[in-house]
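Contents: one structure, followed by commentary.
We use all heavy atoms of the structure for the numbers below, so side chains are in, but hydrogens, waters and symmetry mates are not.
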Amino acid sequence: MRPASRRILAAAVLTAACTAQNPPPDAGAGPEATTATAAVPTVASVIGDTLRQVMARAQADSVFPGGIAVVGRADGILAVHAVGTTDWGGSVPVDDRTLWDIASLTKVAGMTSAMMQLVEAGRVQLELPVQRYLPEWKGPNKDKVTVRHLLTHTSGLPAFRPYDQITTRADSIAALIMAEPLTWAPGDTMVYSDLGAFLLGRIVERVSGESLDQYVVRHVFAPLGMTETRYNPPAEWKARIAPTEIDSLRGGKVHGVVHDERAYYLGGVSAHAGIFSSAHDLARLARAYLNDGALDSVRVFSPATIATFTARQRGSRALGWEKPTGRNSAGTRLSERAFGHTGFTGTSIWIDPARDLFVILLSNRVNPTRRNPRIVPVRTALIDGVVAAIEASSTSSAPRP
C-alpha cells in the first residue's frame, strides 16, 4: 500500500476504533435503550464515520471538487457520505442523485451486464471466435480471437489508439478500430483494452438487433429501477451532472457529454465509456449482484451467470470484471469472491458476496485536468477503511464476560 493510502486509512481506522469504544450519546440508542445497549454503535454508524474521514481528507487534499461514497449490502444501504460541490467554486452540492460520467464503469454496468444476459440466453458463446458474430473483423490471427479473449483483455489488441487525433467522424473512428491489427498473439498477453470493449459492444448490437444504449436501458437499467442511468443524458439533466475536464478542442469544460474522446466522437455511445449514473442507481445495480441477480422481484441475471463472470480467469481479470490483487483499487481486505472496476474520471465499484458488501466511489477527479492521480490512494483507503470499520464494529459488539 502506498504511503498516502496508509495515512488516509490510518485516520479512518482510528476514527472507527474510537467510535466503537466511545460512541456519541445517541449511537444505537432509542428512548428505551439501556446504558449497555447505548454503548454499542451500529455497524452503519461506524462505517459512516469512516466514510466521513476518508472523504473529508480527499476533499482537503483537492482530489476532486466533489464526490460521494456509498456502502451497502444486499438488503440496502448502510452508509452514504457526500462532500463538496459538482464543480470547483460551484453552488450545487453533491448528493446521491448527482449524475456522474462513470467512464470505464460503463464496461461493467453496461456492456458486461449485457453480455451476461446474452451468454445466459445462449445467444453468445464465450469460446466461439469473434468473427462468428463480426465476420467483417478481419486480419492476421483475428480468426483465433474468442469472445472470452475480449472479456479477459487477452485478445492481443492494444489498449487504445488516439483515433480522435486522426478523425472526428464516428464512422471513420469505428472503421479504424475494426481495422486495428493485433499487437500480440491471442491469449498471450493481458492488456486492458478499450478496443476490445468496443468490439464486445458491437457483438451485443449484432446479436440483439438493438443499439447498445437501447439494449442496456431496456434489459438492465429499467428493470432494476435505474431511471437516471443512460448514455447521452438529456439537456434537462445537465444541472445535476458533475462536469469533468477542460478540453479546448471541445470548447472548454466538458459538461453533460462523455469525457472520453473516442466515445464522444462515436456519438456518445460505446461499450468502453459513455454512461452517466448516480450513486442511487449504481447502488441498485450492486444490490442486484449481491441478491444473485434479482432486485425487487425482478431478475436480470441467474446466480450461475454471476458466478461464471466474476470468477478469476487470469491475473487480475474475471470476465469483464476485475479481481482483487492486493495491489489494485480493491485494497487488501476483500475476499477472493470480490469483483469490481474503476473509471478514469474518478469512479470505482467493488462488490464482495462473501462479506455481503459493496463500496461505490463516484467523483470527477479529472476536473479541471486529468493530471491529478490523487484518487488512487483514496480508493484503497476507502475499501480497507470500510472493512476495518466492520471488523472493529463486530469486535466491539461481541459479548463480554
Side-chain angles (χ1 to χ4, degrees), residues 69-74 78 102-120 126 147-154 190 192-194 196-197 200 216 220-221 224 226 229 271-273 275 277 279 281-295 299-344 347-362 376 379-380 382-384 386-387 390:
V70 187
V71 177
R73 301 180 297 207
L78 286 171
I102 65 173
S104 282
L105 295 195
T106 297
K107 293 183 176 74
V108 289
M111 177 272 292
T112 299
S113 293
M115 289 299 297
M116 289 170 68
Q117 291 183 336
L118 294 173
V119 168
E120 183 175 316
L126 296 174
V147 175
R148 184 183 295 275
H149 285 138
L150 292 182
L151 284 164
T152 55
H153 298 277
T154 57
M190 197 287 286
Y192 178 77
S193 177
D194 283 354
L200 287 163
V216 295
V220 182
F221 304 149
L224 292 178
M226 298 169 63
T229 302
H272 75 280
I275 289 177
S277 190
D281 274 19
L282 289 177
R284 291 188 64 81
L285 179 67
R287 288 180 59 204
Y289 273 92
L290 287 175
N291 276 299
D292 292 330
L295 188 64
R299 178 166 297 283
V300 291
F301 318 115
S302 73
T305 299
I306 293 177
T308 296
F309 271 74
T310 61
R312 192 181 301 272
Q313 301 291 308
R314 177 173 174 177
S316 64
R317 307 310 309 186
L319 294 173
W321 292 93
E322 189 175 3
K323 299 290 288 181
T325 64
R327 300 175 303 279
N328 61 4
S329 65
T332 61
R333 294 171 177 259
L334 295 183
S335 79
E336 171 58 25
R337 292 181 63 194
F339 53 96
H341 214 279
T342 60
F344 186 75
T347 60
S348 59
I349 182 171
W350 281 94
I351 302 168
D352 190 345
R355 290 185 176 273
D356 186 21
L357 176 70
F358 69 82
V359 182
I360 295 168
L361 174 63
L362 300 174
V376 175
R379 286 172 171 144
T380 54
L382 183 66
I383 298 286
D384 283 349
V386 165
V387 177
I390 292 172

Kindly indicate whether the side chain of L382, heavy atoms from C-beta on, has any atom under 4.5 Å from the side chain of V71.
no
Does the side chain of R355 reach to within under 4.5 Å of the side chain of R73, using non-hydrogen atoms?
no
Can you tell whether the side chains of D194 and K107 come within less than 4.0 Å, N to carboxylate O?
yes
Taking every non-hydrogen atom, the tightest pair across A283 and I360
N-CD1, 3.6 Å
The criterion is side-chain contact (heavy atoms from CB on, under 4.5 Å); which residues satisfy it with A330, sequence neighbours excluded?
P324, N328, L334, W350
Just checking, any donor-acceptor pair under 3.5 angstrom between side chains of Y192 and S104?
yes
Would you say the side chain of L105 lies within less than 4.5 Å of the side chain of I349, judging by non-hydrogen atoms?
yes
For H153 and S193, the nearest pair of non-hydrogen atoms, with its separation, is ND1-N, 2.9 Å
Is there a donor-acceptor contact under 3.5 Å from the side chain of R284 to the main chain of M226?
no
Give, for atom CD1 of I306 and atom CD of E120, the distance between the pair rounded to the nearest 0.5 Å.
8.5 Å
side-chain contact (heavy atoms from CB on, under 4.5 Å) with N291: which residues, sequence neighbours excluded?
A74, R287, L295
Identify, with sequence neighbours excluded, every residue that meets side-chain contact (heavy atoms from CB on, under 4.5 Å) alongside A103.
D101, F344, T345
Rounded to the nearest 0.5 Å, the CG atom of L78 sits from the CD1 atom of I390 at a distance of 7.0 Å
If every non-hydrogen atom of I275 is compared with every non-hydrogen atom of G110, which pair is closest and at what distance?
CD1-CA, 3.9 Å
Does some side-chain heavy atom of Y289 sit less than 4.5 Å from a side-chain heavy atom of P353?
no
What's the separation between atom CG in L282 and atom CD1 in I102, rounded to the nearest 0.5 Å?
5.5 Å
Do S316 and M190 come within less than 4.5 Å of each other through their side chains, counting heavy atoms only?
yes
Could you tell me which residues satisfy side-chain contact (heavy atoms from CB on, under 4.5 Å) with T112, sequence neighbours excluded, listed by chain and number?
V108, M116, F309, W321
Would you compute the distance between atom NZ of K323 and atom OG of S335 and round it to the nearest 0.5 angstrom?
7.0 Å
For T229, check side chain to side chain donor-acceptor pair (under 3.5 Å) against everything at least two apart and list the hits.
S277, D281
Among side-chain atoms of T152 and Q313, is any donor-acceptor pair under 3.5 angstrom?
no
If every non-hydrogen atom of H341 is compared with every non-hydrogen atom of G320, which pair is closest and at what distance?
CD2-O, 3.6 Å
Restricting to non-hydrogen atoms, name the atom on T342 and the atom on S329 that form the minimum distance, rounded to 0.1 Å.
CG2-OG, 3.1 Å
Heavy-atom distance under 4.5 Å between the side chains of L126 and M115, does that happen here?
no
Residues passing the salt bridge (charged side-chain N to carboxylate O under 4.0 Å, His left out) test with R317, sequence neighbours excluded, are none
Measuring from atom CG of L319 to atom OG1 of T308, what distance do you get when rounded to the nearest 0.5 angstrom?
7.5 Å
Would you check if V119 and T305 make a side-chain contact, meaning some heavy-atom pair closer than 4.5 Å?
no
Atom OG1 of T347 and atom CG of L361: how far apart are they, to the nearest 0.5 Å?
8.0 Å
Test item: V220 and V300 side chains (from C-beta on) under 4.5 Å apart, heavy atoms
no
Determine the minimum heavy-atom distance between P303 and R299, stating which atoms define it.
CD-NH1, 3.6 Å
